[in-house]
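Source: prediction; values computed, not measured.
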Amino acid sequence: MKLTELQYFEGSRIPGIRMEGGENLPEAENPDARVILVQCSGVAIAHAALWWHDTPSIEGARVGAIGAFAATNRATALQILAAAKKVLRDAGCHVAVGPMNGTTWRSYRFVTESSGRMPFLLEPGNSESYPEWWSEAGFQDLSHYSSSLVSLHGTASFPTRLQDRFEKSGVIIRKFDLARFDDELALIYDLSLKCFIHNFLYTPVSKQAFVMGYLKVKEQVDSDFVRIAERDGKACGFLFGIADLEARSRGEDPAVIVKTLAVDPAARCAGLGSLLVDQVHQSAWGKGYTQAIHALQHQTNTSLKITNRHQGSVFRRYTLFHQVL
């Protein structure tokens with residue numbers, strides 16, 4: 001009698017299977033397929049969702065993404081990853097990338113180093129063993145990211161003369177208008193497509209999918225922590241920040257999370273990102289916050305310079321893996 005069975009499901013249909021312990025299968029947005037290792041009792045002990053349509057490419061190589069990963073031990077991890085790679089290889093993919101739920105607009109990367117600080121809102125999380133198991137399965141580092149903690153002091157660090165320069169050039173910075181939530185998100189969406197097009201592993205995202213991601217935190221958005229810069233009525237930069245409500249729910253003093261920072265390179269507004277960060281820092285200080293988290297920054301992101309200027313201290317590192325198929 002077989003103790004386990006590898007099951008394959010095409011499309012985004014959610015199988016009526018639960019993980020060991022009773023949890024739902026990990027969240028996966030419209031995957032092309034799933035592979036699930038199931039015990040004879042019908043309980044899942046490993047899971048991976050797969051994407052190969054509309055995925056990014058790496059130097060012309062077609063990427064297949066492995067995301068929504070879960071495994072109970074090393075053996076089940078190696079088995080599910082082997083199955084996932086076979087499916088992607090058969091689908092014509094040249095390289096497997098993960099963990100990534102199809103694109104970098106969704107959940108991706110593993111925590112690989114940590115100071116022990118508790119997780120913050122919207123941060124990816126995983127078992128400490130997962131990166132090791134992926135490495136044993138033949139995956140190698142593809143890119144690295146970090147989150148840093150910045151102490152707030154309530155004083156402006158951005159030179160007044162540079163702020164005056166922006167004002168004279170017609171740049172106006174305003175708060176996010178919560179009363180026009182959908183319209184504001186549409187504006188941020190259009191700007192994001194311009195700003196992130198040259199980012200590593202970039203793929204376009206539909207407006208509907210983009211808006212749905214932000215709607216999940218709509219009730220938690222504080223307009224003091226979201227800034228939009230405009231010139232001649234057109235957006236040229238934005239910063240999306242949000243309070244660390246995960247910390248607040250644990251009874252801890254929350255930090256403000258600097259989640260997304262973008263400046264349109266065509267706007268030629270050097271220093272605008274620093275000004276947006278400075279304004280949100282000061283708003284947070286005025287509301288009693290003493291720390292900011294500069295979250296999930298790619299190793300080559302120019303925003304790291306801003307973090308370094310604020311003497312940010314790295315407390316978490318993340319890795320995205322890949323393997324040639």
Side-chain angles (χ1 to χ4, degrees), residues 1-9 14-29 31-52 55 58 63-91 93-102 104 106-119 123-147 296 315-325:
M1 177 180 177
K2 291 180 65 176
L3 297 179
T4 62
E5 179 183 12
L6 187 66
Q7 298 186 9
Y8 172 84
F9 297 87
I14 300 176
I17 301 172
R18 289 186 176 271
M19 295 294 299
E20 190 175 60
E23 298 91 353
N24 292 328
L25 297 178
E27 184 176 354
E29 303 90 338
D32 293 307
R34 296 174 187 260
V35 284
I36 308 175
L37 189 61
V38 182
Q39 291 180 320
C40 58
S41 62
V43 174
I45 52 176
H47 173 275
L50 309 174
W51 292 260
W52 58 83
T55 52
I58 299 177
V63 165
I66 303 175
F69 174 81
T72 54
N73 56 46
R74 173 184 175 277
T76 59
L78 296 180
Q79 188 173 349
I80 205 72
L81 287 173
K85 288 184 286 187
K86 182 181 185 305
V87 172
L88 294 178
R89 191 181 301 113
D90 292 344
C93 298
H94 305 115
V95 58
V97 170
M100 182 171 75
N101 283 16
T104 56
R106 301 172 184 151
S107 177
Y108 71 106
R109 62 212 148 183
F110 280 144
V111 173
T112 46
E113 292 182 35
S114 176
S115 69
R117 182 184 176 91
M118 296 295 286
E123 182 184 21
N126 54 269
S127 165
E128 291 183 5
S129 299
Y130 284 3
E132 178 183 348
W133 294 343
W134 278 56
S135 295
E136 288 191 45
F139 285 85
Q140 298 178 328
D141 295 7
L142 177 61
S143 57
H144 300 98
Y145 311 79
S146 63
S147 292
L296 303 166
F315 67 91
R316 202 101 73 225
R317 297 188 188 276
Y318 318 83
T319 302
L320 185 65
F321 292 90
H322 79 297
Q323 183 178 1
V324 175
L325 298 174

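The CH2 atom of W52 sits 9.5 Å away from the CG atom of D90 when rounded to the nearest 0.5 Å. One distance of note links CG of L6 with OG1 of T76; it measures 11.5 Å at 0.5 Å rounding. How far OG1 of T319 is from CD of E113: 7.5 Å, rounded to the nearest 0.5 Å. Interatomic distance, CD of E27 versus CG of N101, reported as 7.5 Å (0.5 Å rounding).
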(Q) Determine whether I36 and Y8 satisfy the following criterion, side-chain contact (heavy atoms from CB on, under 4.5 Å), listing intermediate values before the conclusion. (A) CA-CA 7 Å; I36 308 175; Y8 172 84; over 6 Å; no
Q) Does the side-chain contact (heavy atoms from CB on, under 4.5 Å) test come out yes or no for I58 and V97, once each step is laid out? A) CA-CA 10 Å; I58 299 177; V97 170; 3.9 Å; yes
Q: List the steps, then state whether side-chain contact (heavy atoms from CB on, under 4.5 Å) holds for W51 with L88.
A: CA-CA 8 Å; W51 292 260; L88 294 178; over 6 Å; no
Q: Might you work through the side-chain contact (heavy atoms from CB on, under 4.5 Å) test for S147 and F315, ending with a clear yes or no?
A: CA-CA 6 Å; S147 292; F315 67 91; 3.9 Å; yes
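Just one residue in the list E136, Q79, E132 forms a side-chain hydrogen bond (donor to acceptor under 3.5 Å, both in side chains) with R74, and that residue is E136.
Side-chain contact annotation: H47 with R34, donor-acceptor N/O pair under 3.5 Å present.
The aromatic rings of W134 and F321 sit tilted relative to each other, their planes meeting at an angle between 30° and 60°. Using cut-offs of 30° and 60° for the angle between ring planes, the Y130 and F110 rings count as tilted.
Using a distance-only test at 3.5 Å, with no hydrogens or angles considered, no donor-acceptor pair links the side chain of N24 to the main chain of R18. The backbone N or O of S143 sits nowhere less than 3.5 Å from a side-chain atom of D141 that would complete a donor-acceptor pair. Checked by atom type and distance alone, the side chain of R106 pairs as donor or acceptor with a backbone atom of E29 at under 3.5 Å. Counting only distance, with no hydrogens or angles, the side chain of T55 and the backbone of G102 share no donor-acceptor pair below 3.5 Å. Side-chain atoms of H94 never come within 3.5 Å of backbone atoms of V324 as a donor-acceptor pair (strictly under, hydrogens ignored).
Annotation: E23, atom CD; neighbour count of heavy atoms from other residues, nucleotides and ligands within 6.0 Å is above 12.
Side-chain atoms of I66 and L50, non-hydrogen and from C-beta on, do get closer than 4.5 Å to each other. Residues L320 and L142 meet the side-chain proximity criterion, which asks for heavy atoms closer than 4.5 Å.
Scanning for side-chain contact (heavy atoms from CB on, under 4.5 Å) contacts around A137 gives L78, L81, K85, F139, with sequence neighbours left out. Under the rule for a side-chain contact (heavy atoms from CB on, under 4.5 Å), the partners of P124 that lie at least two apart in sequence or sit in another chain are R109, L296, Y318.
Minimum interatomic distance between M19 and I45 (heavy atoms only, all atoms of both residues): CE-C, 4.1 Å.
Ionic pairing of E123 and R316 is present here: one or more N-O contacts between side-chain nitrogen and carboxylate oxygen are shorter than 4.0 angstrom.
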